Amino acid sequence: MKAMPWNWTCLLSHLLMVGMGSSTLLPRQPPPVSHKRSFVTFRGEPAEGFNHLVVDERTGHIYLGAVNRIYKLSSDLKVLVTHQTGPDEDNPKCYPPRIVQTCNEPLTTTNNVNKMLLIDYKENRLIACGSLYQGICKLLRLEDLFKLGEPFHKKEHYLSGVNESGSVFGVIVSYSNLDDKLFIATAVDGKPEYFPTISSRKLTKNSEADGMFAYVFHDEFVASMIKIPSDTFTVIPDFDIYYVYGFSSGNFVYFLTLQPEMVSPPGSTTKEQVYTSKLVRLCKEDTAFNSYVEVPIGCERSGVEYRLLQAAYLSKAGAVLARTLGVRPEDDLLFTVFSKGQKRKMKSLDESALCIFILKQINDRIKERLQSCYRGEGTLDLAWLKVKDIPCSSALLTIDDNFCGLDMNAPLGVSEMVRGIPVFTEDRDRMTSVIAYVYKNHSLAFVGTKSGKLKKEQSWDHEEQDVISLGAGFPEVDQLWIEVDPKH
């Protein structure tokens, strides 16, 4: 992989936006190392939090989604152009929003929190979705952030009513001769009748087209979406699916999630609520979402369970790490951070672990589950379908690596957890973010913690390590730090 001048900008900026800080990848805790570093700093407007960040892979330009504003920055953090997105008069109870019809709820001046920021490379535009008006999106020209479109007059244009900045994830699937697709995953905040938790939408070439964000397929009975059944909320009143990360690989789209479940502790007859980390997989070409499968994931080291997913990042193995793991250098790996236990979502314990998953092993586990279900074994086994407990149906067919489901045995859950490979654990300064890439055949990973330290290690050979202090972590980032490294 050839290094480019903006690689440090991309890596460090993404890491800081995900969650501040760091922890080492070594299985020992060395004393802090003090380095004199040169940093470029960018500050937003007072009281303006940063929510999301993307880097144009072709130019190195940085697009920063903030409260009430979108920034375009150069690779050295010079402001090139800004676009105002808020505040405006709104009320989260207004559905449809007041810009479509009169709302009887009291309106107040409301900030627009950026909830999703994606680059549509094919059409040279930025997709910026906010918290105002039930989550409508703007399509902005990459060059100057000129507004190309802002669809808002149909229910398909309201992507999420949740105001938290980290509640929505999007994955673009691109085609050479067809309109692209946008897979959207979002928490629904108790409003499943308004918002599907996962859906695939049309990305039309014309930013003002009537069909922008329309469901890829929708008729009276079937649509390109998954909705949480309303009776699920009678079992778990605050049930939701919280999305942590999303990506595409091969023929599939994946999302990493946290989901509440009711379980009975050993020796107890009463149930308690816990959170389970799950990977969700869908076929890119499945317009009816019959391929929906979810599998629990977690990590264990020295008898300690790490089950609450904090962050994740997809990367290649690289030649050096591939030899250690017994995979090919081009194979996909998931670098993940988990905190200890399952009971605390909002206030996770400080004990945390960095773990690696080989994506092919997860797909193999999913294929095994599909094969057993189509032999009629077990139930669909989904926490949000437990009120129905639907049995699997048998069918004579061959299920290969790219099987995309039928209108039976779907959606499907895997009961047995896939365990990641633990790389490092941290007991005091919880890891909150991770990013990785391959440089000169070595896997280079950056890990962040809540206290604001950043560390890196190369290829897990335990020979090269840097510790960079970036300041304390905050719930919302209001400053960007970029390391200037003349060697790269």
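In what follows, every heavy atom counts, from backbone to side chain, and hydrogens, waters and symmetry copies are set aside. These figures come from a predicted structure and were not determined experimentally. Nothing fancy with the numbering, it's 1 onward along the sequence.
Atom CG of Leu258 sits about 8.5 Å away from atom OH of Tyr275, to the nearest 0.5 Å. Between Leu117 atom CG and Leu140 atom CG the span is 8.5 Å, to the nearest 0.5 Å. To the nearest 0.5 angstrom, Lys278 atom NZ is 4.0 Å from Glu294 atom CD. To the nearest 0.5 Å, atoms CZ (Phe50) and CZ (Arg43) are separated by 9.0 Å. Expressed to the nearest 0.5 Å, how far CD1 of Ile228 lies from NZ of Lys191 amounts to 13.5 Å. Note: Phe446 CZ to Phe335 CZ = 12.0 Å, rounded to the nearest 0.5 Å.
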Under the side-chain contact (heavy atoms from CB on, under 4.5 Å) criterion, do Phe213 and Cys137 qualify, and how do the steps go?
-> CA-CA 9 Å; Phe213 299 137; Cys137 303; 3.8 Å; yes

Check the pair Ser199 / Arg201 against side-chain hydrogen bond (donor to acceptor under 3.5 Å, both in side chains), numbers first and verdict last.
-> CA-CA 6 Å; Ser199 59; Arg201 313 298 186 100; 2.7 Å; yes

Full working for side-chain hydrogen bond (donor to acceptor under 3.5 Å, both in side chains) between Tyr243 and Thr197 | CA-CA 10 Å; Tyr243 294 88; Thr197 187; 2.7 Å; yes

Leu359 and Leu333: side-chain contact (heavy atoms from CB on, under 4.5 Å), yes or no, with the steps?
-> CA-CA 6 Å; Leu359 190 59; Leu333 302 181; over 6 Å; no

Stepwise side-chain contact (heavy atoms from CB on, under 4.5 Å) check, Ser74 with Leu80 | CA-CA 7 Å; Ser74 64; Leu80 301 178; 4.2 Å; yes

Check the pair Tyr254, Asn363 against side-chain contact (heavy atoms from CB on, under 4.5 Å), reporting the backbone distance first and the verdict last.
-> CA-CA 11 Å; Tyr254 302 81; Asn363 286 327; 3.0 Å; yes

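Taking both residues in full, the closest heavy atoms of Tyr313 and Ala436 are given as CE2-O, 3.0 Å, listed atom of the first, atom of the second, then distance. Minimum heavy-atom separation, Cys299 to Gly420: SG-O, 3.9 Å. Smallest separation of non-hydrogen atoms from Thr276 and Pro296: CG2-CB, 4.0 Å. Taking every heavy atom of both residues into account, Met431 and Val337 meet most closely at O-CG1, 3.3 Å.
A 4.5 Å side-chain heavy-atom check between Ser248 and Phe183 finds every atom pair outside the cut-off. Counting only heavy atoms from C-beta outward, the side chains of Leu334 and Leu279 approach each other to under 4.5 Å. Within the 4.5 Å cutoff, the side chain of Val188 has heavy atoms near those of the Asp240 side chain. Under the 4.5 Å side-chain criterion, counting only non-hydrogen atoms from C-beta, His153 is in contact with Asp210. Counting heavy atoms from C-beta outward, Ile136 and Glu150 have side chains that approach closer than 4.5 Å. Looking only at side-chain heavy atoms (C-beta outward), Leu325 and Asp331 stay at 4.5 Å or farther from each other. Using a 4.5 Å heavy-atom cutoff, the side chains of Ile172 and Ile127 are in contact. In this structure, the side chains of Phe338 and Leu309 come closer than 4.5 Å at one or more pairs of heavy atoms.
Residues Tyr95 and Tyr158 place their aromatic rings such that the two centres sit under 6.0 Å apart. Taking the six-membered ring for Trp and the full ring otherwise, the centers of Tyr71 and Phe42 sit less than 6.0 Å from each other.
Residues Asp332 and Lys316 are paired through a salt bridge, judged by an N-O separation under 4.0 Å between the basic side chain and the carboxylate. Salt-bridge check for Asp286 with Arg281: failed, with every basic side-chain N at 4.0 Å or more from each acidic carboxylate O. Taking the charged nitrogens against the carboxylate oxygens, Asp56 and Arg58 do have a contact shorter than 4.0 Å, which makes a salt bridge. The existence of a salt bridge linking Asp350 and Lys450 is confirmed by a sub-4.0 Å separation between a basic side-chain nitrogen and an acidic carboxylate oxygen. Between Glu330 and Arg328 there is a salt bridge, since a side-chain N of the basic residue sits under 4.0 Å from a carboxylate O of the acidic one. Ion pairing between Glu285 and Lys181 holds under the 4.0 Å rule for side-chain N and carboxylate O.
A donor-acceptor contact shorter than 3.5 Å links the side chain of Ser224 to the backbone of Phe217. With hydrogens and angles ignored, the 3.5 Å screen pairs a side-chain donor or acceptor of His83 with a backbone N or O of Leu145. Judged by distance alone, with hydrogens and angles left aside, the side-chain atoms of Tyr121 form a donor-acceptor pair with the main-chain N or O of Glu57 at under 3.5 Å. A distance-only check finds no donor-acceptor pair linking the side chain of His52 to the backbone of Leu118 [under 3.5 Å]. Asn111 places no side-chain N or O within 3.5 Å of a backbone atom of Val113 that could act as its donor or acceptor partner. Remark: the backbone N or O of Leu142 is paired with a side-chain donor or acceptor of Tyr63 at under 3.5 angstrom. Checked by atom type and distance alone, the side chain of Ser277 pairs as donor or acceptor with a backbone atom of Arg307 at under 3.5 Å. Side-chain atoms of Thr257 never come within 3.5 Å of backbone atoms of Ile241 as a donor-acceptor pair (strictly under, hydrogens ignored). In this structure a side-chain-to-backbone donor-acceptor pair under 3.5 Å is missing from Lys205 to Glu123. In this structure, the side chain of Asp90 engages the main chain of Tyr133 through a donor-acceptor pair within 3.5 Å.
For the side chain to side chain contact (heavy atoms under 4.5 Å, CB included) test with Asn114, the passing option among Asn68, Leu64, Ile70, Val67 is Ile70; the others fail.
Open room surrounds NZ on Lys360; 12 or fewer heavy atoms of other groups in view lie less than 6.0 Å from it. Applying the 6.0 Å contact sphere to CD of Glu208 captures no more than 12 heavy atoms from other residues, nucleotides or ligands. Summarising the local packing, NZ of Lys122 is surrounded by more than 12 heavy atoms from other residues, nucleotides or ligands at distances under 6.0 Å.
Checking Glu89 against Thr109 by side-chain atom types alone, a donor-acceptor pair falls below 3.5 Å. When only modelled atom types and interatomic distance are considered, Lys138 and Thr85 share no side-chain donor-acceptor pair under 3.5 Å.
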